[in-house]
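What you see below is based on every heavy atom in this structure, not just the backbone, and it leaves out hydrogens, waters and symmetry mates.
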Amino acid sequence: MKKPNSVTALLQAVQTYFDALYHCDTKKLDQVFHKSASLFDVDEDTVFVEPIASFSKDVGGRISPASKGQQPETEILLIDWLSPACATVKIRIRAHQNVFVDHLGFVEGEAGWQIVSKIWHLEKVIA
């Protein structure tokens with residue numbers, strides 16, 4: 001059974017993720033990602049794995065959608081509760097012309113809800 005504040009706290013963590021990418025804010029990324037988290041994608045049958053430290057550095061070097069005046073385009077597609085302290089959240093997010101779909105693996109520990117894994121896919125590029 002979910003703890004009473006779990007849903008609200010998890011949604012706040014998802015919003016922190018959205019805000020971090022919208023503003024290219026590495027402090028927010030560090031807050032929402034567990035320090036041992038990794039990100040995964042597959043491109044032309046090759047599995048791409050990136051530790052969170054590398055991803056955070058990449059994000060910090062980007063031009064933020066906020067600085068370009070792009071309105072945030074985010075959507076929570078699904079929350080799947082594995083236990084009261086574990087959930088998978090499927091989201092869609094636009095950054096510039098790229099629309100991504102992510103599966104974010106969250107756990108709730110002493111630091112609150114944090115992402116421990118991210119599987120992402122470039123869904124489309126808007127011309």
Side-chain angles (χ1 to χ4, degrees):
M1 176 168 222
K2 292 184 281 293
K3 295 179 252 179
N5 295 325
S6 289
V7 174
T8 300
L10 178 61
L11 292 174
Q12 289 171 340
V14 173
Q15 187 61 52
T16 298
Y17 172 75
F18 287 153
D19 292 344
L21 294 182
Y22 182 67
H23 296 283
C24 294
D25 184 333
T26 58
K27 289 181 182 174
K28 286 186 185 224
L29 278 180
D30 292 344
Q31 176 186 341
V32 76
F33 274 90
H34 187 276
K35 64 182 178 181
S36 297
S38 292
L39 297 79
F40 301 85
D41 182 33
V42 176
D43 190 14
E44 297 181 13
D45 296 330
T46 300
V47 176
F48 173 78
V49 181
E50 183 175 28
I52 185 55
S54 174
F55 177 67
S56 184
K57 184 178 177 182
D58 290 346
V59 169
R62 296 178 186 167
I63 296 170
S64 73
S67 70
K68 293 289 193 175
Q70 179 183 341
Q71 293 300 307
E73 293 182 38
T74 60
E75 181 180 10
I76 296 174
L77 303 171
L78 170 81
I79 299 175
D80 184 13
W81 293 92
L82 286 76
S83 76
C86 298
T88 300
V89 180
K90 181 179 180 181
I91 61 98
R92 180 175 289 119
I93 186 169
R94 179 176 173 188
H96 302 293
Q97 301 313 110
N98 298 320
V99 178
F100 297 95
V101 175
D102 299 346
H103 281 224
L104 306 172
F106 278 90
V107 296
E108 186 181 33
E110 59 193 35
W113 284 102
Q114 289 188 300
I115 300 167
V116 294
S117 66
K118 171 180 167 176
I119 301 172
W120 61 273
H121 172 68
L122 176 60
E123 183 178 63
K124 64 182 171 181
V125 178
I126 300 170

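The minimum heavy-atom distance linking Gln70 with His96 is given by the pair OE1-N, 2.8 Å. Here the shortest heavy-atom pairing between His121 and Asp102 reads N-OD1, 4.5 Å.
Gln97 contributes no side-chain N or O that, together with a main-chain N or O of Val125, makes up a donor-acceptor pair within less than 3.5 Å. A distance-only check finds no donor-acceptor pair linking the side chain of Glu108 to the backbone of Trp113 [under 3.5 Å].
Applying the ring-ring contact (aromatic ring centres under 6.0 Å, His included) criterion to Phe18, with sequence neighbours excluded, gives no partner residue.
With respect to Val99, the side-chain contact (heavy atoms from CB on, under 4.5 Å) criterion is satisfied by exactly one of Glu73, Arg94, Glu75: Arg94. Looking at Val89, Thr74, Ile91 one by one, the single match for side-chain contact (heavy atoms from CB on, under 4.5 Å) with Tyr17 turns out to be Ile91.
One hydrophobic cluster, built from ILVMFWY side chains closer than 4.5 Å, holds both Phe100 and Val14. Residue Ile76 is grouped with residue Ile115 when hydrophobic side chains (ILVMFWY) are merged at heavy-atom distances under 4.5 angstrom, including chains of intermediate members. Ile79 is not connected to Val107 by any chain of hydrophobic side-chain contacts under 4.5 Å among Ile, Leu, Val, Met, Phe, Trp and Tyr, and they are in different clusters. In this structure, Leu29 is not a member of the same hydrophobic cluster as Val116, with clusters built from ILVMFWY side-chain heavy atoms closer than 4.5 Å.
The distance from atom CD1 of Ile119 to atom CZ of Phe40, rounded to the nearest 0.5 Å, is 7.0 Å. Distance CG/Leu122 to CG/Asn98: 5.0 Å, rounded to 0.5 Å. Rounding to the nearest 0.5 Å gives a distance of 7.5 Å between CG of Leu78 and NE2 of His103. To the nearest 0.5 Å, atom CD1 of residue Ile93 and atom CG of residue Leu21 are 4.5 Å apart. Rounded to the nearest 0.5 Å, atoms OG (Ser6) and CG (Leu11) are 10.5 Å apart. In this structure, CG on Leu39 lies 8.5 Å from OG on Ser117, to the nearest 0.5 angstrom.
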- Task: Output, in order, the C-alpha distance, side-chain angles, deciding distance and verdict of side-chain contact (heavy atoms from CB on, under 4.5 Å) for Trp81 and Val7.
- Result: CA-CA 10 Å; Trp81 293 92; Val7 174; 3.8 Å; yes

- Task: Kindly determine whether Gln31 and Thr16 satisfy side-chain contact (heavy atoms from CB on, under 4.5 Å), including the steps that lead there.
- Result: CA-CA 8 Å; Gln31 176 186 341; Thr16 298; 4.2 Å; yes

- Step by step, would you call His23 with Lys28 a side-chain contact (heavy atoms from CB on, under 4.5 Å)? CA-CA 9 Å; His23 296 283; Lys28 286 186 185 224; 5.7 Å; no

Could you go through residues 43-67 and list every donor-acceptor pair under 3.5 Å that involves a side-chain atom there, pairing it with any protein atom two or more places apart or in another chain?
unit_1, atom_1, unit_2, atom_2, d
Glu50, OE2, Ser54, OG, 2.9
Glu50, OE2, Phe55, N, 3.3
Ser64, OG, Ser67, N, 3.0
Ser64, OG, Ser67, OG, 3.2
Ser67, OG, Ser64, O, 2.8

